[in-house]
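One-based numbering along the sequence shown. Heavy-atom basis, side chains included; hydrogens, waters and symmetry copies ignored.
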Amino acid sequence: MNKLLILSTALTGVAASAASADVTVMSWGGSYAVSQVEAYHKPFTAETGINVVSVDADNPATPIKAQVEAGNVTVDIADVEYADAIRLCDEGLLEEIDPAILSAAPDGTPAMDDFLPGAVTDCAVATIVFSTVFAYDSSKFSGEKPDSIADFFDTATFPGKRAMRKGAKANLEMALMADGVPAADVYALLETDEGVDRAFAKLDEIKADTIWWEAGAQPPQLLADGEVSMTTAYNGRIFAAAVTEGKPFEVVWDGQVYEYDLFVIPKGAPNLEEAKQFLTFATDTQRLADQAKWISYGPARKSSGALVGMFMDGKTEMGPHMPTSEANLTNALASSYEFWVDRDSELNERFNAWLAAN
């Protein structure tokens, strides 16, 4: 009887522990994190009873690497960029993900046939297609408005401070496109010393007029505060500021650099089974469509597109604001994760040295 009582108590304790488990999700903050909370976190908790704790970072890949290497992992799921997902996986810092846990499309199409090409890797599952674009405050320009990536670098015609992300990625690509290099030729050129030199020479033209941002929430704030007249930014952040806050911001799609963001599970995640459960839930067709109703990032599943429709205000059609809209892809560049996996450290070292030089 005592043994049965002990067993019963133990099982009750296990059940209580499972019911009270939290899933900690690290993402990028701001309006992007809000879209995840509304589309993923709240519905997941409502369906499972598992609480979701949202944690922000300027770039989640950095703390994830540090946590795993220190053997002190506090995060169960992290949202990272493609090149970081590949690199962290190659370094053995992520759990491998069995694609069998991913939900089929509503019509029964297997998940691996429904996700966009390359959206599922050994250790990561994509949720969105996002883009680095540039945007401007329309109230700062009374006459001609900037409409090409070359205009971002033209401070004579379009005066005012600029802002760019503090790092090599996307900046080098945009610099070359602004210098007349077709999007299709950018990475072949960046593979050469001459191409890298040319990109930095173009950045030299606006270096003295540029403020460097590190967190995705900063660019719209820099525009709103009048510190800059143009900034590179994640397209969804500008959309959120313009549509939900009524800011006079305009996105220029010419020269955009688009890529996936993906969910990963750090090696040693404290709540591994709950993390997998969350991953399955958050990457199903409906949930990815729901996120796109909150922010203008394209869902990474084919079956999600038709379910997006209007923004949550009920007035704004989301399609034209997506990086993958046909009209926005005229001079667009798909970020090469192969290039950045190989060259990230080298080019960021050069970027930081360039930034520090007078």
Side-chain angles (χ1 to χ4, degrees), residues 7-29 32-57 60-81 84-85 88-89 92-105 111-112 114-115 119-128 260-291 294 299-301 304:
L7 178 60
S8 175
T9 302
L11 290 174
T12 301
V14 170
S17 174
S20 62
D22 289 344
V23 172
T24 299
V25 179
M26 179 177 281
S27 190
W28 301 77
Y32 181 54
V34 169
S35 73
Q36 293 177 315
V37 168
E38 296 295 337
Y40 308 154
H41 302 190
K42 288 180 179 179
F44 179 72
T45 298
E47 183 168 303
T48 66
I50 299 171
N51 186 46
V52 181
V53 177
S54 188
V55 180
D56 297 337
T62 303
I64 290 304
K65 179 178 174 67
Q67 286 187 16
V68 177
E69 290 182 340
N72 183 27
V73 180
T74 60
V75 172
D76 300 301
I77 294 273
D79 186 297
V80 301
E81 294 177 355
D84 288 326
L88 293 172
C89 188
L93 303 179
L94 303 177
E95 299 284 348
E96 291 197 7
I97 296 170
D98 181 355
I101 72 171
L102 303 176
S103 299
M112 293 300 287
D114 190 43
F115 276 92
V120 180
T121 74
D122 290 345
C123 302
V125 181
T127 56
I128 62 157
Y260 293 126
D261 245 31
L262 310 92
F263 275 145
V264 299
I265 301 175
K267 181 75 76 172
N271 301 293
L272 179 59
E273 292 309 312
E274 290 82 3
K276 291 179 180 178
Q277 192 175 350
F278 176 86
L279 181 69
T280 300
F281 179 90
T283 59
D284 74 14
T285 294
Q286 187 61 58
R287 249 49 65 171
L288 296 190
D290 288 346
Q291 185 184 10
W294 288 91
R301 294 187 74 140
S304 299

Test item: Asp76 side-chain N/O and Asn271 main-chain N/O as donor-acceptor pair under 3.5 Å: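 Such a contact is found between Asp76 side chain and Asn271 backbone.
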
Verify, without hydrogens or angle tests, whether Thr280 (side chain) and Ile101 (backbone) share a donor-acceptor contact under 3.5 angstrom.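 Checked: pair present.
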
Chi angles and distances behind the side chain to side chain contact (heavy atoms under 4.5 Å, CB included) call for Thr48, Phe278: CA-CA 9 Å; Thr48 66; Phe278 176 86; over 6 Å; no

Only one of Val37, Ile128, Asp56 passes side-chain contact (heavy atoms from CB on, under 4.5 Å) with Tyr32; say which it is.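 With Tyr32 as partner, side-chain contact (heavy atoms from CB on, under 4.5 Å) holds for just one option, Ile128.
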
Test Val125 against every option in Ile265, Leu279, Leu262 by the side-chain contact (heavy atoms from CB on, under 4.5 Å) rule and name the one that passes.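 Of the listed residues Ile265, Leu279, Leu262, the side-chain contact (heavy atoms from CB on, under 4.5 Å) partner of Val125 is Leu279.
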
So which atom in [X] and which in [Y] form the shortest heavy-atom distance, rounded to 0.1 Å?
X      : Y      : value
Ala126 : Ala300 : O-CB, 3.6 Å
Ala105 : Arg301 : N-NH2, 3.4 Å
Pro63  : Met26  : CG-SD, 3.5 Å
Ala85  : Leu94  : O-CD1, 3.6 Å
Ala275 : Val23  : N-CG2, 4.3 Å
Ser35  : Gln291 : OG-NE2, 3.0 Å

If you apply the rule side chain to side chain contact (heavy atoms under 4.5 Å, CB included), what do you find for Leu102 with Thr283, and how did you get there? CA-CA 7 Å; Leu102 303 176; Thr283 59; 3.7 Å; yes

Separation of Glu96 CD from Thr121 OG1 (nearest 0.5 Å):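 Here the rounded value is 9.5 Å.
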
Do [X] and [Y] come close enough that some side-chain heavy atom pair is under 4.5 Å?
X      : Y      : answer
Ile64  : Leu93  : no
Glu38  : Asp290 : no
Asp114 : Thr285 : yes
Tyr40  : Asp284 : no
Glu81  : Trp28  : yes
Gln277 : Phe44  : yes
His41  : Ser54  : yes
Trp294 : Gln36  : no

Tell me every residue that passes salt bridge (charged side-chain N to carboxylate O under 4.0 Å, His left out) with Lys267, counting only those two or more places apart in sequence or in another chain.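 Checked Lys267 against salt bridge (charged side-chain N to carboxylate O under 4.0 Å, His left out); zero matches.
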
I would like to know whether Phe115 and Tyr260 meet side chain to side chain contact (heavy atoms under 4.5 Å, CB included); could you show each step before the answer? CA-CA 12 Å; Phe115 276 92; Tyr260 293 126; over 6 Å; no

For Ser103, enumerate each residue passing the side chain to side chain donor-acceptor pair (under 3.5 Å) test, keeping only those at least two apart in sequence or located in another chain.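 Checked Ser103 against side chain to side chain donor-acceptor pair (under 3.5 Å); zero matches.
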
